[in-house]
Q: 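First, the structure itself, so that you have it in front of you.
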Amino acid sequence: HYPLRRQRQMCIRDSDRVVRGGSWTQLPAACRAADRAHRSADDSGNFIGLRPVYYAGPDTDEFVTVPAGSFVMGSASAEYGRSGDESQHLVNISKAFRMSKTEVTYAKWQQVRERAAQYGYTDLNFGSNGRFGSFVGDSGKSPATNVNWFDVIKWCNLRSQVEGRTPAYYTVPSFGAGNVMKVGVAKPYVDWNANGYRLPTEAEWEYACRAGTTTAYYTGDYDGTALTSNVSRAAVYWGNFSERGFFGVAFVGTKVPNAFGLYDMHGNAFEWCWDEYGTYDSSATVDPKGPSTASTNRTVRSGFWCDHASGVRSAKRGSWWWGSSSQELGFRTVFSETTNAAQVLAAAPSGYVLVNAGTFVMGSPTTEIGRRANETQRQVTLTKSFLISKTELTWGDWSSVRANAAAYGFNDMFSGSSGSDTGGASNQQPVTNVTWWDAVKWCNLRSLMEGKTPAYYTSVSYTHLRAHETEADI
């Protein structure tokens, strides 16, 4: 999405709006990096413009960061419901990664799958809406099910290509753009350094599920099956069927998340992992990826809605033939947290630069010339990298997007002006004479035109902001 950080460039904040950068009308003190000013959101003038930014990755509401770290994989010998294939061993996950908060929904599956023919994917399964079947129900909340392991592998590659990421799965060990796995059922080769979507390894899955815990569930150890028990708080499983009132998987995200912000890691739908199913290595390992044999069985995790409490534990393992599909079997995806800057910029619109996440001191020292009292210094950390326009938004770019306003239902966006002080319109001059509201709606319009998720809404229920309102939620 294109949120706002906008010749004096408008920024989002409280009732009045912050403006930064100074303008051609002001003295040097007002053009300092730390200088702060404010205007009413309804103000416009030939000295106020904007500069858009956007996040390079997928929608932040869809994924959480799982930090690198070590943990003990498997279960203690005394754990309730323990199976014999859960021998404990130390595992180090050496790199942070991003993981989808919930099982991938049927709506997301279909949204990506609709692009299959365009990219040469000719045998990708339709899948099903997990809760009600293929054609009924709220697909935005139901897990995608009835997809086999190969369907998921190819879907991950397709989504990677649609979003300009490097696919993870290939038909030959040398990788290469011409060898992306798009069809068939041959065991793929994995580029573990790619920034595209993939299935988690079994170790990544359990590490993410535990989120620092050592108990049977991320909510605690087994303490019975009451609706207030540890397992019932975290899992959709047989023991809390009574609160659902139907057989089958539930909507995603209905139970409490773990410390990383992940839902449904206990129960609801089985989840495919990358690994062949096999015996654990008893020694300490770094980033294990499972055995490498001719096996066609793949590990599944989490258990499912009809399992008993022992079947939805953090350490519980399962095995399915890789060609299997079922109404109880879904998946979630991961991708590399560290994205190559060249890859991000290659997929970005022209005229944007990458600003890396990091920490800085915001404000100005007391000895700085022209300093204002509202520039108190403090340390600020920006946790996500973003792309920002190299220049103030031009009148040409403003007008080319605004020309599509009516088609998308934006009916009160001001035409703006070229910032030229000669009176002649120039596409290369900054756009001016736009209010904060105009700037916010322009960002939403451009986001919709480019298939991005809009940033600004009329309420916390996220109805797109298209016309003038009294406030906007991000």
Side-chain angles (χ1 to χ4, degrees), residues 99-100 103-130 133-134 139 142-163 165-192 194-205 249 269-278 289-302 304 317-335:
M99 186 177 231
S100 45
E103 295 141 345
V104 171
T105 64
Y106 184 60
K108 177 58 72 174
W109 174 270
Q110 288 294 83
Q111 179 188 31
V112 173
R113 188 187 174 281
E114 287 171 356
R115 308 289 293 276
Q118 176 185 349
Y119 286 85
Y121 294 76
T122 59
D123 62 356
L124 198 53
N125 197 329
F126 279 99
S128 295
N129 176 338
S134 297
S139 63
S142 296
T145 59
N146 271 326
V147 289
N148 66 42
W149 188 82
F150 289 105
D151 291 324
V152 175
I153 292 294
K154 289 176 280 190
W155 185 91
C156 287
N157 273 359
L158 173 58
R159 182 172 183 182
S160 297
Q161 291 189 297
V162 167
E163 296 183 10
R165 293 177 170 269
T166 302
Y169 302 110
Y170 296 84
T171 56
V172 298
S174 58
F175 309 143
N179 302 311
V180 174
M181 185 172 182
K182 298 183 178 184
V183 297
V185 291
K187 180 180 177 180
Y189 298 89
V190 188
D191 181 356
W192 296 102
N195 69 345
Y197 297 95
R198 59 178 176 82
L199 284 172
T201 64
E202 188 178 12
E204 286 172 334
W205 191 97
V249 296
F270 286 113
E271 298 179 15
W272 286 114
C273 293
W274 160 257
D275 307 41
E276 294 179 19
Y277 177 79
K289 298 172 176 65
S292 182
T293 68
S295 173
T296 58
N297 286 339
R298 287 299 182 264
T299 301
V300 296
R301 285 303 200 110
S302 91
F304 79 119
R317 309 175 69 203
S319 171
W320 286 58
W321 177 58
W322 60 10
S324 299
S325 61
S326 166
Q327 198 73 17
E328 285 79 40
L329 181 55
F331 71 104
R332 75 179 69 216
T333 57
V334 301
F335 66 92

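The residues of the chain are indexed from 1 along the displayed sequence.
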Q: Distance under 6.0 Å and angle within 45° of the ring axis: does R113 meet both against F126?
A: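 R113 over F126 ring: yes.
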Q: Quick check for you: to the nearest 0.5 Å, what is the distance between Y121 atom OH and L158 atom CG?
A: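 Output value for this atom pair is 5.5 Å.
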Q: On a heavy-atom basis, which atom in R301 and which in C273 lie closest, and how many Å separate them?
A: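 Looks like CG-SG, 3.8 Å.
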Q: Donor-acceptor pair, D275 side chain versus E202 backbone, under 3.5 Å?
A: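 Side chain of D275 to backbone of E202, a donor-acceptor pair under 3.5 Å: yes, one is there.
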Q: Quick one: closest heavy-atom pair of W155 and T333, and the distance?
A: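 Looking at all heavy atoms of both residues, the closest pair is CZ3-CG2, 4.0 Å.
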Q: Out of curiosity, N148 CG to S325 OG, how far, rounded to the nearest 0.5 Å?
A: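 N148 atom CG to S325 atom OG measures 6.0 Å (nearest 0.5 Å).
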Q: Does L124 offer a backbone N or O that forms a donor-acceptor pair with the side chain of D151 under 3.5 Å?
A: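 No; judged by distance alone, with no hydrogens or angles, the pair does not exist.
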Q: I'd like to know if the side chain of N146 and the backbone of S326 have a donor-acceptor N/O pair within less than 3.5 Å.
A: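 Checking the backbone N and O of S326 against the side chain of N146, a donor-acceptor pair under 3.5 Å is found.
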Q: Which residue is it: N125, T122, D123? I am looking for the one with a side chain to side chain donor-acceptor pair (under 3.5 Å) to K154.
A: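 Testing K154 for a side chain to side chain donor-acceptor pair (under 3.5 Å) against N125, T122, D123 leaves exactly one candidate, D123.
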Q: Taking M181's backbone N and O only, do any of them form a donor-acceptor pair with N157's side chain (distance below 3.5 Å, no angle check)?
A: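 Yes: the side chain of N157 pairs with the backbone of M181.
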Q: Under 3.5 Å, is there a donor-acceptor pair between the S142 and N129 side chains?
A: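 N129 and S142 do have a side-chain donor-acceptor pair below 3.5 Å.
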Q: So which atom in F150 and which in K187 form the shortest heavy-atom distance, rounded to 0.1 Å?
A: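 Where F150 meets K187 most closely, the heavy atoms are CE2-N, 4.3 Å.
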Q: Can Y189 and Y170 be said to form a ring pair (Phe, Tyr, Trp, His ring centres under 6.0 Å), step by step?
A: CA-CA 5 Å; Y189 298 89; Y170 296 84; 9.3 Å; no
Q: Report yes or no: does S160 contribute a side-chain atom to a donor-acceptor pair with the main-chain N or O of Y197 at less than 3.5 Å?
A: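 Yes, S160 side chain to Y197 backbone: donor-acceptor pair under 3.5 Å.
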Q: Donor-acceptor pair, distance only, cut-off 3.5 Å: does the side chain of E204 make one with the backbone of T201?
A: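 Judged by distance alone, yes, a pair lies under 3.5 Å.
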Q: For L329 and F270, which heavy atoms make the closest approach, and how far apart are they?
A: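 Shortest heavy-atom contact: CD1-CB, 3.5 Å.
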Q: For the backbone of R298 and the side chain of W274, can you confirm whether one donor and one acceptor N or O come within less than 3.5 Å of each other?
A: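 Checked: no pair found.
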Q: Report yes if the side chains of N297 and W320 come closer than 4.5 Å at any heavy-atom pair, otherwise no.
A: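 No, too far: nothing below the 4.5 Å cut-off.
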Q: Where do V152 and F331 come nearest, in terms of heavy atoms and distance?
A: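 Heavy-atom minimum between the residues: CG1-CD1, 3.5 Å.
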Q: Examine distances only and state if a side-chain atom of R159 and a backbone atom of R165 form a donor-acceptor pair shorter than 3.5 Å.
A: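 Not a single qualifying donor-acceptor pair exists.
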